[in-house]
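Given the structure is predicted, the values throughout are model-derived calculations rather than measurements. Any value given below was found using the heavy atoms of this structure, including those in side chains, with hydrogens, waters and symmetry copies removed.
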Amino acid sequence: TTQQSREAPRRRSPNLRHTLSPENLRTLADRGGAAADTGSVSSSVGLTQANSDTDLVSAQSRSSLTASTLEYTLNRGQNLVISWDIKEEVGATDWIGLYHIDETSPSNVWDCKNRGVNGTQKGQIVWRLEPGPYFMEAETKISFKYYHGASGALRATTPCITVKNPAAEGLAEQVGIEHPRKLISFTLTDLRATGLKKGMFFNPDPYLKMYIHPGKRSVFPVFSHHGQERRSAIIANTTNPIWHGEKYTFVALMTDILYIEVKDKFAKSRPIIKRFLGQLAIPVQRLIEKIPG
C-alpha cells in the first residue's frame, strides 16, 4: 500500500557513492580547475549536496576513520590512535595521510603511514605527533584521511583534531629569522633534461627521482616533511627527455634543498650501463624567487 511504501526504509544506491582521488583532482587541474578554491572543488566533481536522504544511511553502512581524541597536546605522552572501519575494498597498499584541516589536495600530505599488510576491513595504528614546522602555533587543526592504495580513492576522513603545543612560543623564538617556519607548497611541471650520457650501444631510459632535504648547515633540523620523494615516468630511448604534463607537488621550508636525480631504468639486458645520469640541487628559496610575480 501507499502507507507501507512511505514507511519502508529508503536505501541509497551504491552507484551514487562519490570519491575524491589524486587522479580526479589532477584531471580537474588539467581542465583549468587548478585555481578553484576549497568551496568549489566538491561541486566540480559532481558531489551531491546533503539532503534528508543522507541521514537515512546508517552509520554501520559508511566507512569511518576515527581518532582516540579530538584534542591532542604535544609532549604529554599521549597516544593518538587512528582506527578505521572500511566498507569498500581494501588492500595492503592503502595509506593514511595527515593533513591540515583546510587542505583539499591529496598530494599536500604532511605525513603518511601505510596501513600494513593486514587485509582486514578494520584496524588501528598509533600515530606519534612531534613538534616541528607543522605545529609551531599554539593550536593547529588537522585531520587524517584514508586512501585506497590501488585506486587513490578517498575512503574516509576523521573529524577535526586540535593539536596543542604548549612550547609554541619558545619554538618560535628558537627558530627565529634564521629558520623561516612557514611551510610552503610548490609544484614542478614539464621538467626536461638535455645531453644525457648514452651507453655504448643504447640510449638511456631516463626517469627523475626528486626529494626534499634540510639545508646543508648543521643548524638546520630534520622535520617530518623531509624525505618526501617523487618519481617521474620513464621516457624510453632518449638523451633529451621531456616529462610533458607531469606535475610534482612538495611542501618545504625556505631553508630546504630540492634534489633532482636523473637515473636510467635498470635493464637486465644491459647491466653495464650506470643507473645514475646526473643530479641537480636547488635551494628552495632560490627556486621560489624565480617564480614570476
All heavy atoms of Ile96 vs all of Trp127, minimum pair found to be O-CH2, 3.3 Å
Using a strict 4.0 Å threshold on nitrogen-to-oxygen distance, state whether Lys87 and Asp85 make a salt bridge.
yes
Calculate, to the nearest 0.5 Å, the distance between atoms CG and CG belonging to Asp264 and Leu277 respectively.
5.5 Å
So which heavy atom on Ala252 is nearest to which on Val284, and how close?
CB-CG2, 4.0 Å
Look at the side chain of Gln121 and the backbone N and O of Ile86, then say whether any donor-acceptor pair between them is shorter than 3.5 Å.
yes
Do the side chain of Asp205 and the main chain of Lys265 share a donor and acceptor less than 3.5 angstrom apart?
no
Kindly write out the residues that satisfy side-chain hydrogen bond (donor to acceptor under 3.5 Å, both in side chains) with Lys141, not counting sequence neighbours, or none if the list is empty.
Thr162
Does any non-hydrogen side-chain atom of Asp190 lie less than 4.5 Å from one of Ile242?
no
Short side-chain to backbone donor-acceptor contact, Asp94 and Gly149, under 3.5 Å
yes
Is the side chain of Glu139 donor-acceptor paired with the backbone N or O of Val163 at a distance under 3.5 Å, no angle test?
no
Are side-chain N/O atoms of Asp256 and His226 paired as donor and acceptor at under 3.5 Å?
yes
My understanding is that only residues two or more places apart in sequence, or in another chain, count here; which of them pass side chain to side chain contact (heavy atoms under 4.5 Å, CB included) with Thr157?
Ser143, Lys145, Leu154
Please list, chain by chain and in numerical order, all residues satisfying side chain to side chain contact (heavy atoms under 4.5 Å, CB included) with Arg286, sequence neighbours excluded.
Pro283, Lys290
List the residues meeting side chain to side chain contact (heavy atoms under 4.5 Å, CB included) with Thr66, not counting sequence neighbours, and say none if there are none.
Ser83
Flag this pair as yes if the NZ/CZ of Lys113 is under 6.0 angstrom from the six-membered ring centre of Trp95 and inside a 45 degree cone about the axis; otherwise no.
no
Applying side-chain hydrogen bond (donor to acceptor under 3.5 Å, both in side chains), name anything that partners Thr239, two or more places apart in sequence or on another chain.
none
Asn240: what forms a side-chain hydrogen bond (donor to acceptor under 3.5 Å, both in side chains) with it, not counting sequence neighbours?
none
How would you list, by chain and number, every residue that makes a side-chain hydrogen bond (donor to acceptor under 3.5 Å, both in side chains) with Glu229, sequence neighbours excluded?
Arg231
Less than 4.5 Å apart, side chain to side chain, heavy atoms only: is that true for Thr158 and Leu65?
yes
Do Pro206 and Ile234 make a side-chain contact, defined as non-hydrogen atoms from C-beta onward lying under 4.5 Å apart?
no
Any side-chain heavy atom of Ile282 sitting closer than 4.5 Å to one from Ile257?
no
Among pairs that include at least one residue of residues 234-255, which meet ring pair (Phe, Tyr, Trp, His ring centres under 6.0 Å), considering only residues two or more places apart or in two chains?
Phe186-Phe250
Can you list everything that forms a side chain to side chain contact (heavy atoms under 4.5 Å, CB included) with Gln279? Sequence neighbours excluded, please.
Tyr211, Tyr259, Glu261, Phe276
Ignoring hydrogens and geometry, is there a side-chain-to-backbone donor-acceptor pair from Asp111 to Leu98 under 3.5 Å?
no
When you compare the side chain of Val251 with that of Gln228, does any pair of heavy atoms fall below 4.5 Å?
yes
Do Ser185 and Thr249 make a side-chain contact, defined as non-hydrogen atoms from C-beta onward lying under 4.5 Å apart?
yes
Kindly indicate whether the side chain of Arg155, heavy atoms from C-beta on, has any atom under 4.5 Å from the side chain of Glu89.
yes
Selection residues 65-81 - residue pairs positive for salt bridge (Lys or Arg N to Asp or Glu O under 4.0 Å), sequence neighbours left out
Glu71-Lys164
Give a yes-or-no answer on whether the side chains of Glu88 and Ser63 include a donor-acceptor pair shorter than 3.5 Å.
yes
Could you check if a side-chain atom of Leu129 sits within less than 4.5 angstrom of a side-chain atom of Leu80, using non-hydrogen atoms only?
yes
